[in-house]
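Take a look at the structure below.
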Amino acid sequence: MTFGEQPAYLRVAGDLRKKIVDGQLPPHTRLPSQARIREEYGVSDTVALEARKVLMAEGLVEGRSGSGTYVRERPVPRRVSRSGFRPPAGATPFRQEQADPGEARGTWESSSEQAEACGAIAERLALQPGERVMCTKYVFRDAGETMMLSTSWEPLAVTGRTPVMLPEEGPLGGMGVVERMRAIDVVVDNVTEEVGARPGLAEELLALGGVPGHVVLVIQRTYYASGRPVETADVVVPADRYRIAYHLPVK
């Protein structure tokens with residue numbers, strides 16, 4: 001193979017991908033069989049199989065048990081907004097993260113329980129492994145569709161035995177980290193977010209309606225008060241359906 005020449009399976013996958021994107025193979029259309037690909041492109045069974053695997057890994061096609069491989073319907077990506085501007089008083093974290101907060105279609109479920117900080121979470125919160133934290137898990141829905149998962153951890157050394165120990169209960173339940181921490185005289189003055197991508201875990205994809213191998217975006221967020229981490233969270237969204245949009249103030 002000369003420099004720059006594509007392997008045969010990538011060439012075949014690229015042509016089929018173009019047909020899918022251009023609409024020649026519309027959603028729900030059956031992908032040409034392995035034998036048809038072999039004959040049409042003059043390649044071996046192995047090459048035809050590898051080309052189909054590429055399209056499946058890219059999420060362009062899906063296998064249906066006992067029926068074959070079909071072109072997937074590609075959703076139009078929607079935004080999950082992340083804003084550096086201060087939200088209105090009383091805004092919930094979910095409403096802050098919606099692309100259009102005026103629609104008021106968002107609902108969520110949450111559950112909290114005390115846990116021991118594992119090594120990675122302890123490092124993010126500047127704790128010793130095993131120190132107690134409040135772990136809260138969220139499932140966010142938009143118009144009935146699960147669109148985002150989140151797990152947050154707060155040091156009980158900060159919030160324990162206070163009215164804000166449970167993020168979604170009490171007088172400030174659902175008010176967000178900044179307002180809740182202010183109520184116990186902890187002034188949040190900084191937040192960091194790191195965005196990455198990885199294959200979704202089986203339980204994440206089950207909740208989000210994805211299939212094995214689908215990629216998720218993970219926002220790793222940490223709030224600080226005078227340099228001390230007071231909350232850290234992982235926000236998980238399906239990469240094929242949502243984009244992360246940042247709106248930041250210029251000072």
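Side-chain atoms are counted along with the backbone in the values below, which use heavy atoms only and exclude waters and symmetry mates.
Under a hydrophobic-cluster definition in which Ile, Leu, Val, Met, Phe, Trp and Tyr are linked whenever side-chain heavy atoms come within less than 4.5 Å, directly or via other members, V215 and M147 are assigned to different clusters. Under the 4.5 Å side-chain contact rule for hydrophobic residues, I20 and Y41 share a cluster. Under the 4.5 Å side-chain heavy-atom criterion for Ile, Leu, Val, Met, Phe, Trp and Tyr, L149 and L205 are members of the same hydrophobic cluster. Y138 and V80 end up in the same hydrophobic cluster when Ile, Leu, Val, Met, Phe, Trp and Tyr side chains are linked at under 4.5 Å. Residues V188 and M175 share a single hydrophobic cluster, defined by chaining ILVMFWY side chains whose heavy atoms lie under 4.5 Å apart.
Counted within 6.0 Å of CD on E40, heavy atoms from surrounding residues, nucleotides or ligands total more than 12; the atom is thus considered enclosed. Applying the 6.0 Å contact sphere to CZ of R243 captures no more than 12 heavy atoms from other residues, nucleotides or ligands. Within 6.0 Å of CZ in R36 there are 12 or fewer heavy atoms belonging to other residues, nucleotides or ligands.
Comment: K137 does not engage E203 in a salt bridge, judged by the lack of any side-chain N to carboxylate O separation of less than 4.0 angstrom. Ion pairing between a basic and an acidic side chain is recognised when a charged N comes within 4.0 Å of a carboxylate O; R241 and D142 show no such pairing. Using a 4.0 Å cut-off between a side-chain N of Lys or Arg and a carboxylate O of Asp or Glu, E194 and R124 do not qualify as a salt bridge. Taking a cutoff of 4.0 Å between a charged side-chain nitrogen and a carboxylate oxygen, D15 and R11 do not qualify as a salt bridge. Salt-bridge formation is not detected for the pair R180/E231: no Lys NZ or Arg NE/NH1/NH2 atom is positioned less than 4.0 Å from an Asp or Glu carboxylate oxygen.
Contact record, L55 with A13: CD2-O, 3.6 Å, taken as the closest heavy-atom pair. Looking at every heavy atom in both residues, M181 comes nearest to V158 through SD-CG1, 4.1 Å. Looking at every heavy atom in both residues, I37 comes nearest to P32 through CD1-O, 3.6 Å. Pairing each heavy atom of G63 with each of M56, the nearest pair is N-CE, 3.8 Å. Looking at every heavy atom in both residues, V133 comes nearest to A117 through CG1-CB, 3.9 Å. In plain terms, the two heavy atoms of A197 and L217 that are nearest each other are CB-CD2, 4.1 Å.
Residue L156 forms a side-chain contact (heavy atoms from CB on, under 4.5 Å) with just one option from R132, R161, E131, and that option is R132. Exactly one of V61, V71, L60 qualifies for a side-chain contact (heavy atoms from CB on, under 4.5 Å) with L25. That residue is V71.
Rounding to the nearest 0.5 Å places OG of S44 at 9.5 Å from CZ of R38. Atom CG of L127 and atom CZ of R228 lie 8.0 Å apart (nearest 0.5 Å). Taking OG1 of T69 as the reference point, atom CZ of R64 lies at 9.5 Å (rounded to 0.5 Å). Taken from CG in L201 to CG in L206, the straight-line distance is 12.0 Å, to the nearest 0.5 Å. The structure places CG of D189 at 12.5 Å from OH of Y223, a figure rounded to the nearest 0.5 Å. Within the model, atoms CD1 of I121 and CG of D234 stand 6.0 Å from one another, a figure rounded to the nearest 0.5 Å.
The side-chain heavy atoms of M165 and E154, taken from C-beta on, include no pair separated by under 4.5 Å. Side-chain contact between V237 and F140: absent, with no pair of heavy atoms (C-beta onward) separated by less than 4.5 Å. Y242 has its side chain out of reach of M148: every pair of non-hydrogen atoms, C-beta onward, lies at least 4.5 Å apart. E193 places none of its side-chain heavy atoms less than 4.5 Å from the side chain of Q220. V195 places none of its side-chain heavy atoms less than 4.5 Å from the side chain of V218. Using a 4.5 Å heavy-atom threshold, the side chains of L172 and E179 count as separate. S226 is not listed as a side-chain neighbour of V187, based on a closest heavy-atom distance of 4.5 Å or more. Residues V12 and E50 are not in side-chain contact: their nearest non-hydrogen atoms beyond the backbone lie 4.5 Å or more apart.
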